[in-house]
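Each chain gets a letter, A, B and so on, in the order the sequences are listed, and its residues count up from 1.
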Amino acid sequence: MTDKDSNILEQTRLEKLHRLRGAGIEPYPARSQVTHSTTSAMDQFLALENGTETGAEVEKAIVTLAGRLRSMRPMGKISFAHLEDGYGRLQIFLRVNDIGQEQMDLFSHELDLGDFIQVTGYIFRTKTGEATLYVQSFILLAKSILPLPPAKDEVVDGEIVRHATLTDPEVRYRQRYADLAVNPDTRRIFQLRAETVRALRRFLDQRDFIEVETPILQPIYGGAAARPFVTHHNQLKQDLFLRISFELYLKRLLVGGFERVYEIGRDFRNEGVSFKHNPEFTQLEYYQAYADYLKIMEQTEQMVAFVAQEVLGTTLVKFDGHEIELAPPWKRVEMRQGILDATGIDIHLHRDAASLKQALEARGIKHNPNATRGKLIDGLLSEYLEPTFIQPTFVYNYPRDISPLAKSMPGDPQTVERFEGYIGGMELCNAFTELNDPLDQEARFLEMGREYAADDEESNPLDEDYLRAMSYGMPPNGGFGMGVDRLVMLLAGVHSIREVILFPHLRNRDEA
RNA sequence: GGGCGAGUAGCUCAAUGGCAGAGCAGUGGCCUUUUAAGCCAUUUGUUGAGAGUUCGAUCCUCUCCUCGCUCACCA
C-alpha cells in the first residue's frame, strides 16, 4: 500500500497510540475481564426491570462488557457512544462527574471509531428510553489504526436505515473482514451458512449416516467431468490432482461395509468463474446402500425442506424476485418429455449424435458439432429447460454417455437412472442409482475414453483401483451430490455465489 | 477468453477540454440525555496505471489493471 504512510487519518491514530504509550497506557493489553455480552447484559437488565414493581428502584447490576466502538457522540462534559460485540449493540453513556476529566479527555480525544474497549457500569434508561450502559470505568483493549469504512445507520419506524455504507464489491470481497465489521447483513449470511451446514449434518446423522473424510490430493481424479488443478509432491516426485468430486472414494467405503456415508467438503474445478461458479466450492455427497434414485429424490425434497425450516423457520424463500416453495412434493419432469415439450424433438427417435444433430439443424438450434449425443441433450436441457425451473424441479432419466457412473434403466440401456434438482433456474443437485456392476463400469470407462478426444482434459484417467474395489462387490446404492454454496444462496436470497463464500476467488491484483 | 458498464478525498458520490467539489470521517473549539447529535472553524487529491491528441486532458483516443453484469466454457 503506497498510501500507508501518507494517509493522515492513520498518522493521526498512530500519534494517539504513541501518546497513550507515553502516558503509560498500553493500547493492546493482553487481558480483559468481560462478564457479559451486550445481549446477556440486556437480558439481565430487562429481567430486573420487569421484576420490579412501580416505585421500586431497579437494582444496579454491575456488568463488564467489551466490544468495538461503532459511534461516538461527545458533548463536552458527557458523551454517548455505541459499543458492538459479537451479539449486538449497546449504547454507553459517560459523564465527567463519574469518571473524571482525565478519563473524559482520553475518551473524547484519544479513542476512535473501531477501537475495542472494555466498559464497566450498570444499565439504565435515558430520557428517550434507550437502555444504556452508565459507564463507571473503561479501558482500551485494542487501538484501531486503519479507519473502518464508515457505516452510519439510524432507526426510522423500527427499520434500520443505513446511510454511508461499504458497498464496493471489490473491497467487500478482498477485505471481507472490513465488510463483516461494518455490514451486519454480511455477518447474517455467514451465520445462516453455518446453520445450513449444521442442519444438513443433523438431517443425515438422524438417518444413521456417518460423516467421513476422503483425500483431497488424489493421484487420479474422477467422479465428475471437470478440469482439475494439478499440484506436485516434492519428496515423492509425484504429480497430484485436487479432487473434483468425492464420489469414487465414498463408494469404495460401501464396498468396505459402511452402508450410509457422507462428506461435506471442498471440491476444486479449474474452470470459468461466474455468479454461480467459484473454483473451489463446498459440496455435500452421500451414498446410501439399498436405495435407488427415486428414494434419493424423495429424500432430497425432505432434506431441503428440513434445512429451510430449521434455518429460516419456513419453506418459502425469496430468490431473484421469485417466491419459491421448497416443501415437497417438487415438480418432476422426465427428460425426454421435457425436451419434447420445449423443442418438439423426441430424443428417443434420435438414437445417435448424427441423427440428433440433423434434428437440431432442421430447427435452427445451434450446437457444438463435435458433441456426443449426451452432450447435445444436455445442451438442450441447459438452454431450454434449466432457466424455466424456478420452482423446485427434478429432471430425471439422463443419457448414458454423460453419466458413466449411473446405472442404466432396465430395458433402456441408453438411458440411466439419474436426476438433477433445479431451483431458481440453477442446478442444485445431481444424483443417481449408482452403477455397481464392475464389468459394465469398465466398459463405460473405456467407452468414454473413445468418445472424448485424447486431449480433452475432462476425460478422466481410468481408475483401476476403483474397478478393483467394485469387483469385490458393492451393494446397490443411491448417491447424491449438492452444491452447498448454491443452497445457501437460495436460503439467503442472494444472487451471487461470492456473497456466500467468505473469501471468494478474485483475480490477482497487480500492486506494482 | 468475448461484449457492455464502472473506477474522482479515508467512505458515499458530484463536476467540467481552462484553478476538482459536497456530505460523512479527521483535526481545533463550544456543548451534562445524544443517537446519521448539533453549531463554528479547518485539513485531505498521482481524478485506477501508462502512452497519445491538444497551448492546455479528470474529460477525447489507445493500451493495461481491477470490479460488476453478460456471453462462452462448465457429462
Side-chain angles (χ1 to χ4, degrees), chain A residues 2-3 6-13 15-16 70-82 89 91-98 104 108-109 112-114 124-130 132 134 146-156 160-174 178 182 223-227 244 269-277 279 366 368 371-379 381-382 398-406 416 418 420 427 430 432 444 448 451-452 456-460 495-496 498 506-512:
Chain A
T2 51
D3 55 349
S6 63
N7 186 339
I8 190 148
L9 283 90
E10 288 172 48
Q11 290 215 331
T12 306
R13 289 181 176 214
E15 283 164 17
K16 290 179 180 181
R70 290 311 307 275
S71 68
M72 299 173 78
R73 293 176 292 284
M75 303 175 61
K77 296 189 173 53
I78 63 166
S79 200
F80 286 92
H82 271 97
R89 280 186 194 197
Q91 180 168 254
I92 64 174
F93 172 70
L94 298 88
R95 218 161 70 120
V96 68
N97 311 39
D98 301 289
M104 203 66 199
S108 322
H109 294 297
D112 292 293
L113 295 179
F124 75 112
R125 284 200 186 273
T126 61
K127 273 184 184 169
T128 58
E130 180 168 347
T132 298
Y134 196 113
L146 194 60
L148 284 168
K152 290 198 162 191
D153 42 44
E154 65 175 326
V155 179
V156 178
I160 292 178
V161 179
R162 250 176 286 288
H163 294 281
T165 187
L166 174 62
T167 54
D168 180 352
E170 182 175 356
V171 178
R172 290 188 49 232
Y173 299 150
R174 285 189 196 278
V182 301
R227 281 184 287 175
I244 56 173
R269 297 190 181 175
N270 209 338
E271 288 166 354
V273 175
S274 80
F275 75 93
K276 53 182 180 178
H277 297 88
K366 60 172 181 162
N368 179 348
T372 64
R373 174 175 182 269
K375 282 202 169 191
L376 292 171
I377 292 171
D378 196 52
L381 172 68
S382 314
Y398 275 62
R400 166 190 160 113
D401 74 77
I402 55 169
S403 316
L405 301 165
V416 296
R418 170 181 176 186
E420 290 186 329
E427 181 190 336
N430 180 18
F432 25 92
R444 303 283 197 97
M448 213 174 43
E451 286 184 0
Y452 286 77
D456 187 340
E457 290 177 83
E458 285 173 16
S459 69
N460 303 171
H495 190 60
S496 167
R498 292 181 168 180
L506 302 174
R507 280 168 218 253
N508 272 336
R509 178 182 274 273
D510 201 349
E511 303 238 25

With heavy-atom distances below 4.5 Å as the criterion, would you say the side chains of [X] and [Y] are in contact?
X      : Y      : answer
A:S382 : A:E427 : no
A:H277 : A:R269 : no
A:R373 : A:I402 : no

Within this structure, what is the [atom1]-to-[atom2] distance between [X] and [N], rounded to whole angstrom?
X      : N     : atom1 : atom2 : result
A:E10  : B:U44 : CD    : P     : 17 Å
A:K375 : B:C73 : NZ    : P     : 10 Å
A:Q11  : B:G26 : CD    : P     : 17 Å
A:L381 : B:C73 : CG    : P     : 14 Å

Of the listed nucleotides [options], the one nearest the side chain of [X]:
X      : options             : value
A:A225 : B:U33, B:A75, B:U34 : B:A75
A:L113 : B:U32, B:A25, B:A75 : B:A25
A:R95  : B:U35, B:G26, B:U32 : B:U32
A:I78  : B:U34, B:U32, B:A75 : B:U32
A:R73  : B:C74, B:U32, B:A37 : B:A37
A:H495 : B:U33, B:U70, B:U35 : B:U70
A:Q91  : B:A75, B:U35, B:C69 : B:U35
A:E130 : B:U27, B:U34, B:A75 : B:U34
A:R418 : B:U33, B:A75, B:U32 : B:A75

Residue whose closest nucleotide on RNA chain B lies nearer the 5' end, A:Y173 versus A:E420: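 Here A:Y173 is the residue nearer the 5' end.
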Non-neighbouring partners of A:H109 that pass side chain to side chain contact (heavy atoms under 4.5 Å, CB included), sequence neighbours left out: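 Residues passing side chain to side chain contact (heavy atoms under 4.5 Å, CB included) with A:H109: A:D105.
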Sugar-phosphate only, base, or nothing, as touched by A:K276 at under 4.0 Å among non-hydrogen atoms: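 The answer is nothing, as A:K276 stays clear of every strand by at least 4.0 Å.
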Secondary-structure string, 5' to 3', Watson-Crick or G-U under 3.5 Å, | for another-strand partners, for RNA chain B: (((((((..((((....[..)))).(((((.......))))).....(((((..]....))))))))))))....
Pairing residues for A:R73 by the salt bridge (charged side-chain N to carboxylate O under 4.0 Å, His left out) criterion, not counting sequence neighbours: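 Testing A:R73 for salt bridge (charged side-chain N to carboxylate O under 4.0 Å, His left out), a comparison that skips the adjacent residues, returns none.
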Between A:F93 and A:F124, ring centroids under 6.0 Å: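 Aromatic pair counts; centres sit under 6.0 Å.
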Any A:K16 side-chain N or O less than 4.0 Å from OP1/OP2 of B:U27: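 For B:U27, OP1 or OP2 has a side-chain N or O of A:K16 closer than 4.0 Å.
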Donor-acceptor contact below 3.5 Å, side chain A:T132 vs main chain A:E130: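 Yes; judged by distance alone, with no hydrogens or angles, the pair exists.
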